[in-house]
Structure formats: C-alpha cells, structure tokens
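Source: prediction; values computed, not measured.
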Amino acid sequence: MIQASIRGHGIVRFDADVHDISVTGFRFDTSFTLHVGTRLWLTIPGFAGFEASVAWREGFTYGCAFAMPLHQAVCEHLAKQHPVQGSLH
C-alpha cells in the first residue's frame, strides 16, 4: 500500500491508500464519491502529481487510468520503496 493524496477540479485534496499501481493506472479506496470520467491527480510523496481519470467504481473502490503511462523506472522505484504492500507492476 502506498499512502498518497488525490485532488481534482472542484475536489478537496484527500489522503488515499493506493493498493495497486502499474504503468497504466492504479486502484484506491475512499469514502468520497467520484464518478467515472472524473479527472484527478495522484500525488505520491517525492513525485509530481500524475494525471489520471476514474475508469471504474465498485462501492468505495476506484480504478483509475493514467493520462500518460508511468515510466517503468518509476514503477520499479515504487516497488523498491513498498516491497511487501500492494501489487506493483
């Protein structure tokens, strides 16, 4: 799990636990209501915000697709920082 923050246009910044992250997207849980298609920015400590949009929602779990795929080196760096928590691809 990666502790991060999420913000969007008209959305108050909130903390989120990212459970899965890959070069194409991520999954997180929140009690905030977001709609499919909502554009947002994921901020992981030590990185600039990554633009994404909500691709799907199931209850309080959301799947988001990055606007631009992450560089593989970024995913590898995150995997080293968070080796036992979550699924990093």
| Going through the distances and angles, do Arg57 and Thr33 end up as a side chain to side chain contact (heavy atoms under 4.5 Å, CB included)? | CA-CA 9 Å; Arg57 173 186 177 196; Thr33 299; 3.8 Å; yes
| request: May I ask whether Phe50 and Phe14 are part of the same hydrophobic cluster, defined by side-chain heavy atoms of I, L, V, M, F, W, Y residues being less than 4.5 angstrom apart, directly or through others? | output: yes
| message | Would you compute the distance between atom CD1 of Ile21 and atom CD1 of Ile44 and round it to the nearest 0.5 angstrom? | response | 4.0 Å
| message | Tell me whether Phe60 shares a hydrophobic cluster with Leu40, the cluster being built from Ile, Leu, Val, Met, Phe, Trp, Tyr side chains joined at under 4.5 Å. | response | no
| request: Indicate yes or no: at least one non-hydrogen side-chain atom of Val18 is less than 4.5 angstrom from one of Arg27. | output: no
| field | Phe47 vs Leu78 side-chain heavy atoms within contact, under 4.5 Å | value | yes
| Hey, are the side chains of His19 and Thr61 touching, using non-hydrogen atoms and a 4.5 Å cut-off? | no
| remark: Residues Ser22 and Phe66: closest non-hydrogen pair is O-CE1, 3.3 Å
| message | Would you say CZ of Arg39 has more than 12 non-hydrogen atoms from neighbouring residues, nucleotides or ligands within 6.0 angstrom? | response | no
| said: Using every non-hydrogen atom in the two residues, find where Gly37 and Ser53 come nearest and quote the distance to one decimal. | reply: O-CB, 4.2 Å
| query | Are Phe32 and Val54 co-members of a hydrophobic cluster defined by side-chain heavy atoms under 4.5 Å apart? | reply | yes
| query | Should we count CD of Glu51 as having more than 12 external heavy atoms under 6.0 Å? | reply | yes
| query | Parallel, tilted or perpendicular: which describes the rings of Phe28 and Tyr62, with under 30° parallel and over 60° perpendicular? | reply | parallel
| task | For residues Pro45 and Ala4, report the shortest heavy-atom separation together with the two atoms involved. | result | CD-CA, 4.5 Å
| query | Tell me, do Thr30 and Ile6 make a side-chain contact under 4.5 Å, heavy atoms counted? | reply | no
| task | Working to the nearest 0.5 Å, report the span between CG of Leu70 and CZ of Phe26. | result | 9.5 Å
| field | Note, Arg13 side chain near Trp41 side chain (heavy atom, < 4.5 Å) | value | no
| Hey, are the side chains of Asp17 and Asp29 touching, using non-hydrogen atoms and a 4.5 Å cut-off? | no
| Can you tell me if Ser5 and Asp15 form a side-chain donor-acceptor pair at under 3.5 Å? | no
